[in-house]
Amino acid sequence: MMAADSAAQVVPRAEDSLRVLIMTPTGRDAALAEDALNRSGLSTFICGDEEELRREVAKGAGCVLMAEEALPRDRAATWDDLIGPEPAWSQLPVVLLLARGHAQKDLALLRKFEKRPSIGFIERPAQKRSLVSALKNAIDARRLQYGIRDALDALQTANRRKDEFLAVLAHELRNPLAVICAAIHIKRRSAGDDGDKMLSAIERQTQQLTRIIDDLLEVSRISRGKIELQKERLDLVSLVREVFEDGADKLRGGKHRKQLSIQSTELFIDGDPVRLGQVFSNLLNNAAKYTPDAGAIDVTVTRDGDCAVVVVKDTGVGIPPDMLTRVFDIFTQVDRNLGRAQGGIGVGLSLARGLVTLHGGAIEARSGGADKGSEFIVRLPLSEAPVAPNIEPARDRRERRASHTKVLVVDDDHLVGKLTGELIASFGMEVQVVAGGAEALEVIPKFQPRIVFVDLGMPGMDGYETVRRIRQLPGGDSLFIAALSGWGQAEDFERSAEAGFDRHFVKPIKISELENLFASESPT
Ligand code: ADP
């Protein structure tokens, strides 16, 4: 532990990174070795005890030259005990000078050390030439390890940049999407549902776009460990049924034969309904994408011991055996041309695996090969049935639902504000739209809204400052204030909650979210 602590505190210096750390019990041996190595151009450092060795390893070392007598004999030591755990790329080379004469050697201890890679033994009396060449080899090996470390660092940096880029990209795409979604919805409501095919096509494509953006963001969040499940005890049978029924109409205009078989009435699990919904809708969507129109899609929900098992099976293009595990890797597609033609970017299954794993479950793909159909099997650990399943959990003040008709929308983007306002008005609400925080503070006392939607990224007074100032107005504390933003990462949700928002909706806000919000209590 000590070594890990000191490793965390010390920033290695480049000139230390190729040193030979020498540890022998007698100062004379150490001085002789040092002299020989320095003459050969190797830089050295003599360590007096284990503590010093640990400290110097943490500062940086090319290899360790150690006399067998210096090994700790009094406990069941391993190399890790001696210098502490190493990073994944590191395997610090060690050259061990064996005691003179067979009888002197501690064979049990040596056998244990022998198991470690990157360890070399030199019999004493050691020839100067063989000692120097063994240490030079060890340092060359260490250089290669540093190369791996640098490549890993570069990969991590590139990966972080990619995640940041995806977050910004998704944010920028969400604003125009919000406008398009709102416009479609308003058009549908005002025209009545006259089966306008073009409008339906735009709506379907927009939903697809929104899904791809959501998936991209989620998968980058999972890879950074930044996803938090909102778990509740839920009935998986109902959840799969909802996803199936919701998805069934949308799947390629309903041309496949689709069937849902449920072999248990209720299967309770602890899960996040939104995320699991995403998993099953991705699987269903894929089944439809990769199955010709005449094919069949079968979904079954069963119980297997302590697990709930959901199987999504199709009679489509199938998956070659060597791709069965790889399809879960991000950006992997069996047939790029086919994947793209079907509107995919190779993220859905990676997300599904990440989410199922976060739930303590497992996902697996099976297929008989090309054109033999595919089967995706999701297993999730079962929980006990809830004691009183129909009693709604008590909500705290922040979770209480809005119940009144006047709604204020604050957004600096004129078009986004206008269309969000019109969308909300189409639910029968009385709406005012303002372009910024300062204006909102003026309007609220006069208009007396009960619900306020605030964009976060606004010039001048941003959304966070706006909500803080609104809360200070008389009655501001009891207003229902929602953030409406393109930013939708876990830290964004935390930040808006801290600033005083009751809810955080991600653009484009879903019609169902608005319906839930407005329908929760009858408007006065
Ligand atoms: P995509 O956006 O490409 O569909 P996914 O991560 O959802 O990305 O799937 C990765 C790849 O796995 C797909 O491109 C496809 O090659 C293959 N795949 C997924 N589901 C199926 C299926 N039901 N049948 C055949 N191949 C599938």
Side-chain angles (χ1 to χ4, degrees), residues 162-163 166 169-170 173 204-223 227 240 243-244 247-248 250-261 275-301 309-358 361-379:
K162 179 206 73 197
D163 283 335
L166 288 180
L169 179 72
L173 290 175
R204 265 204 314 278
Q205 297 304 315
T206 317
Q207 279 164 353
Q208 166 83 345
L209 261 180
T210 310
R211 237 198 47 236
I212 290 178
I213 291 170
D214 286 348
D215 281 1
L216 257 183
L217 258 188
E218 296 279 72
V219 91
S220 85
R221 264 184 238 163
I222 291 183
S223 65
I227 208 160
V240 174
V243 173
F244 183 84
K250 294 180 199 148
L251 300 179
R252 288 267 207 99
K255 286 181 193 138
H256 301 99
R257 192 174 55 70
K258 291 172 288 278
Q259 195 180 334
L260 173 67
S261 328
R275 313 291 198 198
L276 287 175
Q278 236 169 332
V279 170
F280 297 120
S281 92
N282 275 345
L283 294 181
L284 259 183
N285 226 23
N286 277 351
K289 266 174 23 181
Y290 300 106
T291 302
D293 283 352
I297 299 170
D298 286 292
V299 179
T300 50
V301 189
V309 183
V310 181
V311 180
V312 179
K313 188 173 177 187
D314 63 56
T315 57
V317 300
I319 301 173
D322 61 322
M323 290 298 286
L324 283 172
T325 49
R326 285 175 49 202
V327 286
F328 294 102
D329 294 340
I330 189 161
F331 304 138
T332 300
Q333 298 182 308
V334 174
D335 177 347
R336 288 246 125 142
N337 297 327
L338 179 64
R340 297 228 175 101
Q342 298 299 330
I345 52 170
V347 165
L349 286 182
S350 162
L351 176 64
R353 181 179 56 184
L355 290 174
V356 169
T357 311
L358 277 179
I363 183 167
E364 179 198 352
R366 289 189 193 161
S367 170
D371 293 325
K372 295 272 167 56
S374 310
E375 208 176 329
F376 285 83
I377 301 149
V378 177
R379 292 174 174 275

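No experiment lies behind these values; they were computed from the predicted model shown. Throughout, numbering of the chain's residues begins at 1 and tracks the sequence. First listed ligand is number 1; within each ligand, the first listed atom is number 1.
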With atoms numbered from 1 as shown, which atoms in ligand 1 lie under 4.0 angstrom from a non-hydrogen atom of [X]?
| X | value |
| --- | --- |
| K289 | 1 (P), 2 (O), 4 (O) |
| V317 | 25 (C) |
| L349 | 5 (P), 6 (O), 7 (O), 9 (O), 10 (C), 12 (O), 19 (C) |
| V347 | 6 (O), 8 (O) |
| T332 | 10 (C), 11 (C) |
| V327 | 10 (C), 12 (O), 17 (C) |

| At the 4.0 Å heavy-atom cut-off, does G318 count as touching ligand 1? | yes
| Below 4.0 Å from any atom of ligand 1, is there a heavy atom belonging to F376? | yes
| So, does S281 use its side chain to make a donor-acceptor pair with the main chain of V243 at under 3.5 Å? |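 Side chain of S281 to backbone of V243: no pair is present.
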| query | Donor-acceptor pair, R275 side chain versus L355 backbone, under 3.5 Å? | reply | no
| said: Side chain, backbone, both or neither: which applies to D314 and ligand 1 if a contact is any heavy-atom pair less than 4.0 Å apart? | reply: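 Near ligand 1, D314 shows its side chain, while the N, CA, C and O stay back.
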| Proximity of I319 to ligand 1 by residue part, where a heavy atom lies under 4.0 Å |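 Only the side chain of I319 comes within reach of ligand 1.
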| task | Sort out for me which residue in L209, I213, T210 forms a side chain to side chain contact (heavy atoms under 4.5 Å, CB included) with L173. | result |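 Among L209, I213, T210, the one meeting side chain to side chain contact (heavy atoms under 4.5 Å, CB included) with L173 is I213.
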| request: Pick out which of V279, V299, D314 makes a side chain to side chain contact (heavy atoms under 4.5 Å, CB included) with L284. | output: V299
| message | Side chain or backbone, does S374 bring an N or O within less than 3.5 Å of an N or O on ligand 1? | response |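 N/O-N/O distance under 3.5 Å: yes.
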| note | The reported gap from CD1 in I319 to CG in L349 (rounded to nearest 0.5 angstrom) is 7.5 Å
| request: State the OG-NZ distance between S367 and K313, to the nearest 0.5 angstrom. | output: 10.5 Å
| message | Looking at every heavy atom in both G348 and D215, which two are closest together, and how far apart are they? | response |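 Distance-wise, the nearest heavy atoms are CA-OD2, 4.2 Å.
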| request: Would you indicate which of A370, G346, G348, G373 comes nearest to atom 2 (O) of ligand 1 when only heavy atoms are counted? | output: G346
| message | Between V334 and V327, is the side-chain contact (heavy atoms from CB on, under 4.5 Å) condition met? List the steps. | response | CA-CA 7 Å; V334 174; V327 286; 3.7 Å; yes
